[in-house]
Structures are given as C-alpha cells and as structure tokens.
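Here the structure comes first, spelled out in structure tokens, and everything after it is commentary.
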Amino acid sequence: MLISYKAVFIAAAIGVLPVFIWVWFLLKSHTFSFGSSNFILKVFFWGVLTAVPASVFEIIVIETQGGGQIIQTMQAIWNVQKTNIAFTVLVSTTLMAAIEELSKGIGIGLAVLLKKVRSSNDGMVIGVLIGLAFGVTENGVYFASAMGTQRGSDFLTIVLLRFILSTSAHIIYSSTMGTFLAEAFLSKNLSSKFLKIVLAFLLPVGIHSVFNLILNTAFSWLASIVILVGFVLLWMRYKGVARKEEQQRQELVTQ
C-alpha cells in the first residue's frame, strides 16, 4: 500500500519540529560564546552535509543486503565454524557507527577550529547542532527509500520512533564528541590534547554501537533510558562548566 500525502506531510512535520525546538532553545539560552544566528545556521547546514555520504552508504548496504555480506566476509576471515555470530554482529555494528561518527566529526572539528571555541560548552552546542542536522537528514533519506514499502500507520509509527530515538541519540553522540574536541582545542598539553581527540571519537562510537545493539534485542525499551540518562549527564556537565565560568568572571570583576 502506498503512503498517503497526509502521512508524508505528518512525517515531515514530525521531522522539522525538533529542529525548531532545539534551534529556538539555543538562540534563547545565550550561554555560549557564539551568539550569532548565522553561525548556528551554518553549523546546522554542515551537519546536513555530513549526513549525506553516511546515509547513502547505509542505504546501499541495506538495499544490497551488504550487512549480511559484511558478516559473511568477517566469518570467512575468522573461520566460519568458530566465529561467534554475536561478536561478528558487534563488529559490523561498530563499523557502521564509526562511519557515521567520523562523518559528523569532520563537521564538528571544522566548526570548532573556525570558531575558535572558548569553552567545552561551545563544543557541546556545536555537537548538538551537528547531531540534530545529521539525525534529521539521515531519517529523511531513510524515509524516502522506505516510503513505498510501508503502510500508513506503520510508517508514521516508524517516523515517530526514529525522530524521538534516533535523532535524540545522534545529539548525544555528537555533543559528547563536540565537548571533547573543544577541550582538545583548548588544551595546552600535547598528550592531553591527543587523549581528548581519541576520546572524542571512541566514546561516541562506543555509545552508538551499544545503542544500536540494544534496539535489536528484546530489551529495546532500554534505549529510551539510555537517551534520558545521556541528556541528564550532558545537561549536568553543561551547567557545571557554565557555573565555573561564571565564578571565574566574578573573581575577575572583584580583583
């Protein structure tokens, strides 16, 4: 059954809504050093661009059943009889997560370098924008390829779940990456800078891989808890950095 125009319109509205909410919140908060709306929109556009190659690659893998081919290749390399299928799936999932996070990392790193961030919170905000743009764009590409194969009610359910879960998850991955890349940029110690860059990539890939694995188990409901905990931790870190910066400003004023 073909998807109705009404279903497509509702899906588009669901997809655009989180964009407006997050951009409005960031513009109203004024708790980061780059208050320019032009820069915020520019970073969002970079996030859209980073999603295109990763999304196209994923569609090719899905439509050509490349995921199964990847697993079969890994089993052939590691000995078909002795390879643990769960381990093989984990490696395959991690590979897909690494491709997406590397793609987003290019946009985040570029924004961090060009804007010359002044705190880790600046990097976190950049990560939120890149993750939001990446998630929305990835979902759009996914829906375009799946639109003709889903029934209306099922399609809208998938749309809602992907925009609530997938987009939120991408925001968590990218804001984590942006935080560590900003800290790496600000660090004066070479070994600390290198460690921050490594963590900026490995942590999001690890969280991303675990999240995807949870979604493919009987405990998929845990994904919502992962997202909730992720947002709480990021908010606590954001407020902690902002509070510390405010204290430093107050100390400078009183000196």
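- Connection of V125 to V241 is not established within any shared hydrophobic cluster, with ILVMFWY side chains joined at heavy-atom distances below 4.5 Å, either directly or through further cluster members.
- To the nearest 0.5 Å, the span separating CD1 on I106 from CD on E101 amounts to 12.0 Å.
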Review point. Passes side chain to side chain contact (heavy atoms under 4.5 Å, CB included), I225 versus L222? Steps please.
Key: CA-CA 5 Å; I225 296 179; L222 287 173; 4.0 Å; yes
Check your understanding: Would L114 and W46 satisfy side chain to side chain contact (heavy atoms under 4.5 Å, CB included), going step by step from the backbone distance to the final call?
Key -> CA-CA 13 Å; L114 290 183; W46 290 345; 3.6 Å; yes
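- Residues passing the side chain to side chain contact (heavy atoms under 4.5 Å, CB included) test with T179 are S120, M124, E183, R237, sequence neighbours excluded.
- Checked against side chain to side chain contact (heavy atoms under 4.5 Å, CB included), L202 has the following partners two or more places apart in sequence or in another chain: V198.
- In this structure, H170 and Y173 have perpendicular ring planes: the angle between them is above 60°, well past the 30° mark.
- A chain of hydrophobic side-chain contacts below 4.5 Å, direct or via other Ile, Leu, Val, Met, Phe, Trp or Tyr residues, connects F201 to F194.
- Among residues two or more places apart in sequence or in another chain, the ring pair (Phe, Tyr, Trp, His ring centres under 6.0 Å) test is passed with F180 by none.
- In terms of modelled atom types and a separation under 3.5 Å, the side chain of S175 and the main chain of I172 share a donor-acceptor contact.
- Remark: F231 CZ to I227 CD1 distance equals 7.0 Å, nearest 0.5 Å.
- Between L129 and F45, every side-chain heavy-atom pair lies at or beyond the 4.5 Å cut-off.
- In this structure, a donor-acceptor pair under 3.5 Å is absent between the side chains of K104 and T50.
- By the side chain to side chain donor-acceptor pair (under 3.5 Å) test, S224 is found to be paired with no residue, residues two or more places apart in sequence or in another chain being considered.
- The salt bridge (Lys or Arg N to Asp or Glu O under 4.0 Å) analysis of residues 209-223, with sequence neighbours excluded, yields no pairs.
- Screening residues 220-230 for salt bridge (Lys or Arg N to Asp or Glu O under 4.0 Å), with sequence neighbours left out, gives no hits.
- Among pairs with a residue in residues 205-214, none fulfils salt bridge (Lys or Arg N to Asp or Glu O under 4.0 Å), at least two apart in sequence or across chains.
- With sequence neighbours left out, L233 forms a side chain to side chain contact (heavy atoms under 4.5 Å, CB included) with V229.
- Residues forming a side chain to side chain contact (heavy atoms under 4.5 Å, CB included) with V226 (at least two apart in sequence, or on another chain): F211, I214.
- S209 approaches A97 most closely through the heavy-atom pair OG-CB, 3.6 Å.
- The main-chain N or O of S187 is found under 3.5 Å from a side-chain atom of K193 such that the two form a donor-acceptor pair.
- Hydrophobic cluster membership differs between L195 and M177, with clusters built from Ile, Leu, Val, Met, Phe, Trp and Tyr side chains linked at under 4.5 angstrom.
- Contacts classified as salt bridge (Lys or Arg N to Asp or Glu O under 4.0 Å) and involving residues 225-234 (residues at least two apart or in different chains) are not found.
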Practice item. Run the numbers on S191 and N189 for side-chain hydrogen bond (donor to acceptor under 3.5 Å, both in side chains), then give the verdict. Key: CA-CA 6 Å; S191 59; N189 183 282; 2.4 Å; yes
